[in-house]
Visitor: 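Below you'll find the structure I mean.
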2 protein chains.
Amino acid sequence: MASKDRILRLKEETRCNILDASLKIVKEGGWDALSMRKIADEIEYTAPIIYEYFSNKGAILLELTRKGFLLLAKDLEAAKSRHRLPAKQLEAMWLAYWNFAFAEKELYQVMYGVETSCCEMAKKMPESELPMDLIWDVIVELMTPIMAPHVPTEDEICIKYYTFWSVIHGLISINMVNRGTSDETNHEVLKTAISGIIRSITG
Amino acid sequence: MASKDRILRLKEETRCNILDASLKIVKEGGWDALSMRKIADEIEYTAPIIYEYFSNKGAILLELTRKGFLLLAKDLEAAKSRHRLPAKQLEAMWLAYWNFAFAEKELYQVMYGVETSCCEMAKKMPESELPMDLIWDVIVELMTPIMAPHVPTEDEICIKYYTFWSVIHGLISINMVNRGTSDETNHEVLKTAISGIIRSITG
DNA sequence: TAATTTATTTAACACTGTTAAACGGTACAA
DNA sequence: TTGTACCGTTTAACAGTGTTAAATAAATTA
């Protein structure tokens, strides 16, 4: 009877090994590098054995995604527990969110659909800077008369531009990946965010 | 000699056809559905001739990406030209950016690395709502004492949450696809954005 | 020890991107 | 006209992918 337990324990262990091996491969070579045969190699089995533990490759990704959400939630709770004031708690939690994204980059990618393999492309393409240049100019125009005769520095413009871009691109990707909220909420977020940043420039 | 021109014109046309066929396939079945053989089917050729026009599949994606940036730039310029005041121009341009993302969803995805195939996963996973719930609670706590005895509505909380989330997730994904800036700028954007939204709550 | 169940692998299928070789036809020189 | 060089195109193949069914090895049970 005890042998049954031992076997079950072993099965649970190799299941865990599969997940660990997967994450290891992804961390070494990105999500494109993850294949069933490579996982099998890593755990010193052949590929079909994996299907005894996961119905398909997607089930592995799903399990890693779940682990990611649990880990993130743990970090958020820890951050919250370090403060008493809600304002301080919020600040700490979003900072923890930020840190998690880069500490567990691969998990964050699969959790929220951030594709990095396409980044090589736009890097060597001058056209990719066109949108930024166009908006950059208008931000400069908006800042200059206010601060006259002080000319805004690169950094000052940069911060404003990335604040704009982040909130809008963020809302877009959230909606594309997860179907965020209602259209009304989206436009409310958009409008108040944009006018808020503009106000922060014009005083 | 004119036949040379005709041939060159035909070559340019099939090159264009390849790009059109690719975009058509992607719009019908997503980026995963795009394969060299399907493109060949669409233009009524066999796969290897595509390599006469593009060195590899990546070159096709790159060309579509370039088209996307040009199209977006055109939209931004058009939006700008419709206003005179820089503040109004900025507002219109970011709205145009937003509209472009959904009008040319597939192009936006490849331009900025937005992965949608993973969205099926997190949908049926209760853990994916854990982070939101944790932060949601703190936002409620932050809003309640201010508006007392008025209890904040679902919508009011939602707007604040998504504003937070958008700017932070946006900044994260922008940095992951390697279009980000310096660490100092990042943290400046983060800190000012977070404290700005908190101030917009606490008055 | 023999039979049966379980664990694991081998082989295969249908895909993928990509390349080399073969084929068909056209253009041009002898 | 014939031969040859070229060009466009296809066929065949390779290595890789996820996945499944069948064959085999190992362990357990009778």
Side-chain angles (χ1 to χ4, degrees), chain A residues 1-19 21-26 28-65 106 110 115 117-118 120-121, chain B residues 1-19 21-26 28-65 106 110 115 117-118 120-121:
Chain A
M1 293 307 109
S3 72
K4 285 283 177 199
D5 285 4
R6 197 204 68 223
I7 286 177
L8 273 179
R9 213 165 47 232
L10 277 180
K11 286 210 90 171
E12 190 53 38
E13 196 186 321
T14 55
R15 204 190 120 93
C16 214
N17 286 344
I18 290 172
L19 293 175
S22 302
L23 201 54
K24 183 189 171 193
I25 292 167
V26 170
E28 281 170 356
W31 284 101
D32 286 344
L34 185 65
S35 83
M36 301 300 264
R37 286 174 178 84
K38 277 200 203 115
I39 298 173
D41 264 21
E42 193 69 34
I43 63 172
E44 296 180 303
Y45 275 104
T46 51
I49 246 291
I50 303 176
Y51 292 85
E52 301 287 325
Y53 301 87
F54 296 94
S55 62
N56 51 31
K57 189 182 181 182
I60 298 178
L61 301 198
L62 197 126
E63 205 53 41
L64 290 177
T65 307
E106 294 77 19
V110 74
E115 169 94 271
S117 63
C118 76
E120 311 293 328
M121 252 179 342
Chain B
M1 291 311 107
S3 70
K4 286 285 176 199
D5 285 5
R6 197 202 67 225
I7 286 177
L8 272 179
R9 213 165 46 233
L10 277 180
K11 285 210 87 171
E12 189 53 37
E13 196 185 320
T14 55
R15 204 190 120 93
C16 214
N17 285 343
I18 290 172
L19 293 175
S22 302
L23 200 53
K24 183 189 171 194
I25 294 167
V26 171
E28 281 170 357
W31 284 101
D32 286 344
L34 185 64
S35 82
M36 300 301 264
R37 286 175 177 82
K38 277 200 203 114
I39 298 173
D41 265 20
E42 193 70 35
I43 62 172
E44 295 180 305
Y45 276 104
T46 51
I49 69 111
I50 302 177
Y51 292 86
E52 301 286 325
Y53 301 87
F54 296 94
S55 61
N56 51 31
K57 190 182 181 182
I60 298 178
L61 302 198
L62 197 125
E63 205 52 40
L64 290 177
T65 306
E106 294 78 17
V110 74
E115 169 97 271
S117 63
C118 77
E120 313 292 327
M121 249 173 348

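Treat the numbers as computed from the prediction; the structure is a model and nothing was measured. A note on names: the letters A, B, ... follow the listed sequences, proteins ahead of strands, and every chain is numbered from 1.
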Visitor: Expressed in angstrom and rounded to an integer, what is the separation of B:Asn56 atom CG from C:dT19 atom P?
Guide: 8 Å
Visitor: Between D:dT20 atom C1' and A:Glu52 atom CD, what is the distance in whole Å?
Guide: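 Roughly 12 Å, once rounded to whole Å.
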Visitor: Hey, is the main chain of B:Ile25 close enough, under 3.5 Å, to the side chain of B:Lys38 for a donor-acceptor pair?
Guide: no
Visitor: Mind checking A:Ser35 for me? I need base, sugar-phosphate or nothing, with any heavy atom below 4.0 Å counting as a touch.
Guide: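 Result for A:Ser35 = sugar-phosphate.
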Visitor: Given B:Tyr53, which of B:Asn17, B:Ile43, B:Ile18 fulfils the side-chain contact (heavy atoms from CB on, under 4.5 Å) condition?
Guide: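 It is B:Ile18, the one option of B:Asn17, B:Ile43, B:Ile18 that forms the side-chain contact (heavy atoms from CB on, under 4.5 Å) with B:Tyr53.
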Visitor: Figure out the OH/P separation between B:Tyr45 and D:dT11, and round it to whole Å.
Guide: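 Distance check: B:Tyr45 OH to D:dT11 P gives 14 Å.
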Visitor: Can you tell me how far P of C:dT10 sits from OH of A:Tyr51, to the nearest Å?
Guide: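 Checked: the OH to P distance equals 17 Å.
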Visitor: So does A:Arg37 reach the base of D:dG18 with its side chain, donor to acceptor, closer than 3.5 Å?
Guide: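 Present.
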Visitor: In whole angstrom, what separates B:Met36's CE from C:dT19's C1'?
Guide: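 For the pair B:Met36 CE and C:dT19 C1', the rounded distance is 12 Å.
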Visitor: If you measure only the distance, is there a donor-acceptor pair under 3.5 Å linking the side chains of B:Glu115 and B:Ser117?
Guide: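 There is such a pair (donor and acceptor under 3.5 Å, judged by atom type) between the side chains of B:Glu115 and B:Ser117.
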Visitor: Between P on C:dT18 and CD1 on B:Ile60, what's the gap in Å once rounded to a whole number?
Guide: 9 Å
Visitor: Name the residue closer to the 5' end of DNA chain D, choosing between A:Ser55 and A:Lys38 according to the nucleotide with the nearest heavy atom.
Guide: A:Lys38
Visitor: Using a 4.0 Å heavy-atom cut-off across all strands, classify A:Leu10 as base, sugar-phosphate, or nothing.
Guide: nothing
Visitor: In whole Å, what is the span from the CD1 atom of B:Ile49 to the P atom of C:dA20?
Guide: 18 Å
Visitor: To the nearest angstrom, how far is A:Asp41 atom CG from D:dG16 atom P?
Guide: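 So the two atoms are 12 Å apart, to the nearest Å.
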Visitor: State whether the side chain of B:Trp31 and the backbone N or O of B:Val26 hold a donor-acceptor pair below 3.5 Å, judged by distance alone.
Guide: no
